[in-house]
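In what follows, a structure is listed as structure tokens, so that the remarks can point back to it.
Reminder, nothing fancy here: chain letters follow the sequence lines and each chain counts from 1.
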4 protein chains.
Amino acid sequence: MSNDWRDFGPDPLSPPLRAALGVFVRHGYHGASIRTIAEAAGLSVPGLYHHHRSKQAILAAVVDAAMQEMLDHTRAADAAAEGDSPVGRFENIVEALARFHMARRDHAFVASTEMRSMEPATRAHHVRQRDEQQRMIEDAIRAAVATGDFSCPHPEDAARAVSSLCVSIASWYRPGGPLSPDEIVERHLVFARGIAGATTA
Amino acid sequence: MSNDWRDFGPDPLSPPLRAALGVFVRHGYHGASIRTIAEAAGLSVPGLYHHHRSKQAILAAVVDAAMQEMLDHTRAADAAAEGDSPVGRFENIVEALARFHMARRDHAFVASTEMRSMEPATRAHHVRQRDEQQRMIEDAIRAAVATGDFSCPHPEDAARAVSSLCVSIASWYRPGGPLSPDEIVERHLVFARGIAGATTA
Amino acid sequence: MSNDWRDFGPDPLSPPLRAALGVFVRHGYHGASIRTIAEAAGLSVPGLYHHHRSKQAILAAVVDAAMQEMLDHTRAADAAAEGDSPVGRFENIVEALARFHMARRDHAFVASTEMRSMEPATRAHHVRQRDEQQRMIEDAIRAAVATGDFSCPHPEDAARAVSSLCVSIASWYRPGGPLSPDEIVERHLVFARGIAGATTA
Amino acid sequence: MSNDWRDFGPDPLSPPLRAALGVFVRHGYHGASIRTIAEAAGLSVPGLYHHHRSKQAILAAVVDAAMQEMLDHTRAADAAAEGDSPVGRFENIVEALARFHMARRDHAFVASTEMRSMEPATRAHHVRQRDEQQRMIEDAIRAAVATGDFSCPHPEDAARAVSSLCVSIASWYRPGGPLSPDEIVERHLVFARGIAGATTA
DNA sequence: TATGAATGAGTCTTCATTCAT
DNA sequence: AATGAATGAAGACTCATTCAT
């Protein structure tokens, strides 16, 4: 993982979970019936229950897998900039985030959209993961401010704004669209630097 | 409306629609039962149906009211900057958007979150309204680029980013939170100028 | 009435009852909603209730009007054959029955079809009217048997068969169809004579 | 089937369908609630839905089973008269029809009564089956006219009258009534020959 | 391991009917 | 005489889940 944080391999979700994800994306958690999910997975209903305890457990598994993968990649991106300037760390993290929201657009969409459908424990776990990710951005901004590379009076707000911006990619990006992932990354790096108050071109 | 685009009066939604909005926010469209909505509205179920043809019609009414109010205020904010520099237009529009997403946080949240729950006609209408709003931002950016106030190679992407940023306010802002609306507006104006590549302080 | 038992004037049903009849025919009693009936009548729902106590009362009124008109015409047809041979009585009654089931096809259809939807009292009344009508046929047959014009070992069964035959006209006859009412009458007179065992052409 | 067209074994309907049939007979299709049907079948509501897709599908299954059985028996009765005079064919068909409307009185009643409650496709199928049956009678009559056994100027109308007569048995016959099925058959053969204009005793 | 059958509780929606105005 | 607003009960149907096989 240390070097390939830019690459997302095939979806690691098990077939039933991937099927569930598709249904969640199209209909939302409450609009998705166990029957529809089972059909999409090519399983009978009890067959699906053999793999997962409940519909809620399916949601938790999908969301946790997504958040783990996101954290893995952003952490690796951060680590890969070890020794670089804080700006390099910031840019790596943003790039990892942006790439994740394209490569795993459905996963990210469901994770951000279905918070209210999660049971308290699941939701708390999810929020913790999201906060950790956001703090990584914030830390990088603070470091860059310390070196004078960024001029940013409110690093926490800027981090949230950058994060929101990357998350929102998942709601409009379509593979095969007019812009390539590389172009989208490039442009969002510019936006993110603008939000963080980069002082140099 | 010409001068008071910054102010949002009391929620114009009828009591049943306001009640429905609250349930939609907490549980999502599919998670909201007509029974729950009726209870929240202090009506019997058929009493609710007396006012609205279907659950879907309730969603459409709520979303359309929200989008109309958003468009009214952003248009007025744009018009109020008539004669100003393009930057003034841009800032007015962004401020109107930000204020809307705080004053009508629930409305905006449901409108942006429940697109997949809308029937095709409703969704198409909604998308048209959203696109018009986004084009207002884009036009202002292009004008500011023409005057040299902004340096922005991709105005359409920047407009989407600015719009996404304002929309995302609705998902974390709480009245009575640590920041006042005025502070939030101020900070988001800075973020938005950063995204659009403002060349001057 | 004494002479014009062959003619059926305009439908004597009040407009709301006529509207209800149409809905009953198309959807059946249970499939007909008060709202649909009110709409068909051009009335509001309470407006309809102003004229009739309940949906059941509407059915009773429609059915009773139909049966009364049927009895009026068959009695008059019978009376008009006073002094004729029993065969003349028989034929007059059958003709009246056949003509009624064409002229008031919807009324007759509902009356015969919705017996199970009538409350006990209404149903009992209806059955009494139907039995009286059937006995008129039976009496005529018996009289014709006594004169040797008919050869019929079971007049009661024959009367029921003749009655059923006339009732069934209502379920296929359409005004403007290939056969004129006069032709249909003529042919059913032949069938009825066949059922009753007429011994002469 | 070749020899036993006179006998109707135990009702071939599955228990849930038989239960539904009973409820349809008593209350009509629209008056029959799925709850009542399920109770009559000794099932829960979803248990009933496990076996049948919808209330309409239940009606279609019941009606089609009835019409199939009717066609099977009348065809067999017709075939059994192979080589006989046309009058023999005619009598066999009528007897099969009459017996069917006694042995399967509820099935026949619902099939003829609930045409308006069938969805278009189901209704079309039903009408086709009914027409085929009626044409069998018509053909037999025409053949008997050709041999001079019947004198009947309008075979199509006579066939419809004979058919209606047999169908109407289902609306008054009760097992254990004053007349045995054999007696009823005998009398209806006489009526049918009368309608068709039989020239010989 | 996998599934046909089952279910209590819930879904959205409509029912016939009433009443204040 | 007419209606907008309301409702308890019921409509057909589906839910997530279980269990015997």
From the list [options], which nucleotide is the closest neighbour of the side chain of [X]?
X	options	value
C:V45	F:dT17, E:dT18, E:dT13	E:dT18
A:S33	F:dG11, F:dA16, F:dT18	F:dA16
B:I34	E:dT7, F:dA12, E:dT13	E:dT13

Can you tell me how far [atom2] of [N] sits from [atom1] of [X], to the nearest Å?
X	N	atom1	atom2	answer
C:H27	E:dC15	NE2	C1'	15 Å
C:Y29	E:dC15	OH	C1'	12 Å
A:R53	F:dT18	CZ	P	10 Å
D:Y49	E:dA5	OH	C1'	17 Å
C:E39	E:dA16	CD	P	12 Å
C:L48	F:dG4	CG	C1'	16 Å
A:K55	F:dA16	NZ	C1'	8 Å
C:H52	F:dA2	NE2	C1'	15 Å

**Prompt:** With both distances under 3.5 Å as the test, what is the Watson-Crick or G-U wobble partner of F:dT18?
**Reply:**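 Here F:dT18 is engaged in a pair, and the nucleotide opposite it is E:dA5.
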
**Message:** Keeping C:Q56 on the side-chain end and C:S117 on the backbone end, is there a donor-acceptor pair under 3.5 Å?
**Reply:** yes

**Prompt:** Salt-bridged, A:E114 to A:K55, with N to O below 4.0 Å?
**Reply:**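 Salt bridge: no.
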
**Asked** Starting at the 5' end of DNA chain F, which residue's closest nucleotide do you reach first, D:S54 or B:R35?
**Response** B:R35

**Request:** Report the residue (A:Q56 or B:P46) whose heavy-atom-nearest nucleotide on DNA chain F is the more 5′ of the two.
**Result:** B:P46

**Asked** When we call it a touch if two heavy atoms are under 4.0 Å apart, what does C:A38 touch: a base, just sugar-phosphate, or nothing?
**Response**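 C:A38: no heavy atom of the nucleic acid under 4.0 Å.
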
**Asked** If you look at every strand shown and take non-hydrogen atoms under 4.0 Å, does C:A57 touch a base, only sugar-phosphate, or nothing?
**Response**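 The answer is nothing, as C:A57 stays clear of every strand by at least 4.0 Å.
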
**Prompt:** Which residue, B:A32 or D:L43, contacts DNA chain E at a nucleotide closer to its 5' end, judged by nearest heavy atom?
**Reply:** D:L43

**Complete:** When C:G31 and D:G42 are each assigned the nearest nucleotide of DNA chain E, the 5'-most assignment goes to D:G42

**Asked** When rounded to the nearest 0.5 angstrom, what is the spacing between CG in C:D106 and CZ in C:R26?
**Response**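 These two atoms lie 9.0 Å from each other.
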
**Message:** Using 0.5 Å steps for rounding, measure from the CE atom of A:M118 to the NE2 atom of A:H126.
**Reply:** 4.5 Å

**Message:** Just by distance, no angles: are the side chains of B:H107 and B:D11 close enough, under 3.5 Å, to form a donor-acceptor pair?
**Reply:** yes

**Phosphate OP1/OP2 of E:dC15 contacted by D:H30 side-chain N/O (<4.0 Å)** =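 Result: no.
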
**Message:** Does E:dT3 have OP1 or OP2 under 4.0 Å away from a side-chain N or O of A:H50?
**Reply:**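 Checking E:dT3 against A:H50, no side-chain N or O comes under 4.0 Å of OP1 or OP2.
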
